[in-house]
Trainee: 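Supplied in structure tokens, the structure appears directly below.
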Amino acid sequence: MIEEWGKGMDHRELEAYFRSLDRSFFVENCMKKYADLDEPLPIGFGQTISQPSLVLEMTRLLSPEKDSRVLEIGTGSGFQTAILAKMSAEVYTVERIDELMEKAKRRLEALNFSNIYYKVGDGSQGWHEHAPYDRIMVTAAARVLPDELINQLANGGRMVIPVGPPNMQELQLITKTINGDLHIESVEMVRFVELKGQYGWSK
Ligand code: SAM
């Protein structure tokens with residue numbers, strides 16, 4: 001079933017951009033020497049930049065297309081944001097930690113992206129002013145599937161989200177049919193930092 005999805009995405013472009021993106025640009029000086037490792041790395045405030053192979057896999061699952069409007073929850077370092085912005089029309093990205101957002105925004109502007117919109121706040125409630133979204137990527141672990149995100153997903157859209165307790169979560173691929181029916185597929189077990197806020201593990 002998963003093989004069926006993502007036919008509209010240019011996989012070669014995704015892989016070429018992913019390979020060209022210098023991960024060391026997205027981490028602090030003391031972490032730059034580890035940037036080539038396929039591991040999550042600290043970015044401050046108890047948060048991490050995700051393992052690169054998982055970023056690539058989650059982007060493949062999400063399968064943004066050139067005309068997609070994408071909502072991303074958990075901007076973090078901005079690494080995943082850059083990939084989404086390269087592969088889609090517009091990215092609306094929400095991060096709850098002001099300082100992380102400031103740094104991510106500076107990096108993404110230095111890379112000349114002009115199709116990214118930034119918000120500091122509780123992304124577990126989405127960003128309803130710009131809804132609906134064709135794709136929603138959540139890069140922190142939700143306690144439950146957030147109703148608000150389901151409501152903000154367009155018919156025919158897809159969402160990738162880790163759901164479950166802090167130590168281990170199920171990575172879910174949610175698809176909404178043209179008629180608005182939901183399909184939830186469990187992809188694999190993953191480990192993300194906690195989503196905070198209304199649908200997260202704590203405020
Ligand atoms: N995708 C990011 C990257 O490429 O660097 C890594 C994201 S990190 C694993 C998860 C991020 O989600 C953290 O920066 C954290 O502050 C943020 N976060 C947690 N709960 C949030 C919420 N309710 N709203 C917005 N961001 C949240």
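Throughout, residue positions are numbered sequentially from 1 according to the sequence presented. Indexing begins at 1, ligand by ligand and atom by atom, following the structure's order.
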Trainee: What atoms of ligand 1 come within less than 4.0 Å of a heavy atom belonging to Gly121?
Mentor: 24 (N), 25 (C)

Trainee: I need the nearest protein heavy-atom contact for atom 24 (N) of ligand 1: residue, atom name and distance, please.
Mentor: Gly123 N, 2.8 Å

Trainee: From atom 18 (N) of ligand 1, work out which of Arg96, Met101, Glu72 has a heavy atom at the shortest distance.
Mentor: Arg96

Trainee: Using the side chain to side chain contact (heavy atoms under 4.5 Å, CB included) rule, take Glu57 and Glu188 through it: C-alpha gap first, then chi angles, then the decisive distance, then the call.
Mentor: CA-CA 11 Å; Glu57 184 190 350; Glu188 63 180 334; 2.8 Å; yes

Trainee: Taking only heavy atoms of Thr48, which atoms of ligand 1 are found under 4.0 Å from at least one of them?
Mentor: 6 (C), 7 (C), 8 (S), 9 (C)

Trainee: Indicate, as side chain, backbone, both or neither, the part of Val193 found under 4.0 angstrom from ligand 1 when only non-hydrogen atoms are considered.
Mentor: side chain

Trainee: Give the numbers and elements of all ligand 1 atoms closer than 4.0 Å to a heavy atom of Thr139.
Mentor: 1 (N), 7 (C), 8 (S), 9 (C), 10 (C)

Trainee: Check each heavy atom of Ile97 against ligand 1 and say whether those closer than 4.0 Å belong to the side chain, the backbone, both or neither.
Mentor: side chain

Trainee: Pick one: which of Ile161, Val163, Val138, Leu61 meets side-chain contact (heavy atoms from CB on, under 4.5 Å) with Leu171?
Mentor: Leu61

Trainee: Has the side chain of Asp134 got a donor or acceptor atom that lies under 3.5 Å from a matching backbone atom of Ser68?
Mentor: no

Trainee: Is it true that Arg135 and Glu65 have a side-chain N and a carboxylate O under 4.0 angstrom from each other?
Mentor: yes

Trainee: Could you establish whether Thr75 and ligand 1 come within less than 4.0 Å of each other, counting only heavy atoms on the residue side?
Mentor: yes

Trainee: Which ligand 1 atoms, with their elements, are less than 4.0 angstrom from a heavy-atom of Gly74?
Mentor: 1 (N), 2 (C), 7 (C), 11 (C), 12 (O), 17 (C), 26 (N)

Trainee: Going by heavy atoms in the side chains, are Leu14 and Leu56 under 4.5 Å from each other?
Mentor: yes

Trainee: For ligand 1, which atoms sit closer than 4.0 Å to a heavy atom of Glu194?
Mentor: 19 (C), 20 (N)

Trainee: Tell me if a side-chain donor or acceptor on Thr139 pairs with a main-chain N or O of Ile73 at a distance below 3.5 Å.
Mentor: yes

Trainee: Provide, to 0.1 Å, the distance between atom 5 (O) of ligand 1 and the closest protein heavy atom, together with that atom's residue and name.
Mentor: Ser77 OG, 2.6 Å

Trainee: Would you say ligand 1 has an N or O under 3.5 Å from any N or O of Ser50?
Mentor: no

Trainee: Starting from atom 20 (N) of ligand 1, which protein heavy atom do you reach first, and at what distance in Å?
Mentor: Lys196 N, 3.0 Å

Trainee: To the nearest 0.5 Å, what is the distance between CE on Met87 and CZ on Phe18?
Mentor: 12.5 Å

Trainee: Can an N or O of Glu95 be found at a distance shorter than 3.5 Å from an N or O of ligand 1?
Mentor: yes

Trainee: Any idea which part of Gln47 is under 4.0 Å from ligand 1, heavy-atom wise: side chain, backbone, both or neither?
Mentor: side chain

Trainee: Can we say Arg107 and Glu28 salt-bridge, meaning some charged N sits less than 4.0 Å from an Asp/Glu carboxylate O?
Mentor: yes

Trainee: In plain terms, say whether Lys105 and Glu109 are close enough for a salt bridge, that is, a side-chain N and a carboxylate O under 4.0 Å apart.
Mentor: yes

Trainee: Do Val120 and Arg96 come close enough that some side-chain heavy atom pair is under 4.5 Å?
Mentor: no

Trainee: Do Lys103 and Glu95 meet the salt-bridge criterion of a basic N to acidic O distance under 4.0 Å?
Mentor: no

Trainee: Look at atom 4 (O) of ligand 1 and say which protein heavy atom is nearest, naming residue and atom and giving the distance to 0.1 Å.
Mentor: Gln80 N, 3.1 Å

Trainee: With a 4.0 Å heavy-atom cut-off (strictly under), which part of Leu100 contacts ligand 1: side chain, backbone, both or neither?
Mentor: side chain

Trainee: Taking N or O atoms only and a 3.5 Å limit, does Gly197 qualify as a polar contact for ligand 1?
Mentor: no

Trainee: Quick check on contacts: which atoms of ligand 1 are under 4.0 angstrom from a heavy atom of Ile49?
Mentor: 5 (O)

Trainee: Indicate, with yes or no, if Met137 and Trp127 share a hydrophobic cluster defined by side-chain heavy-atom contacts under 4.5 Å among Ile, Leu, Val, Met, Phe, Trp and Tyr.
Mentor: no

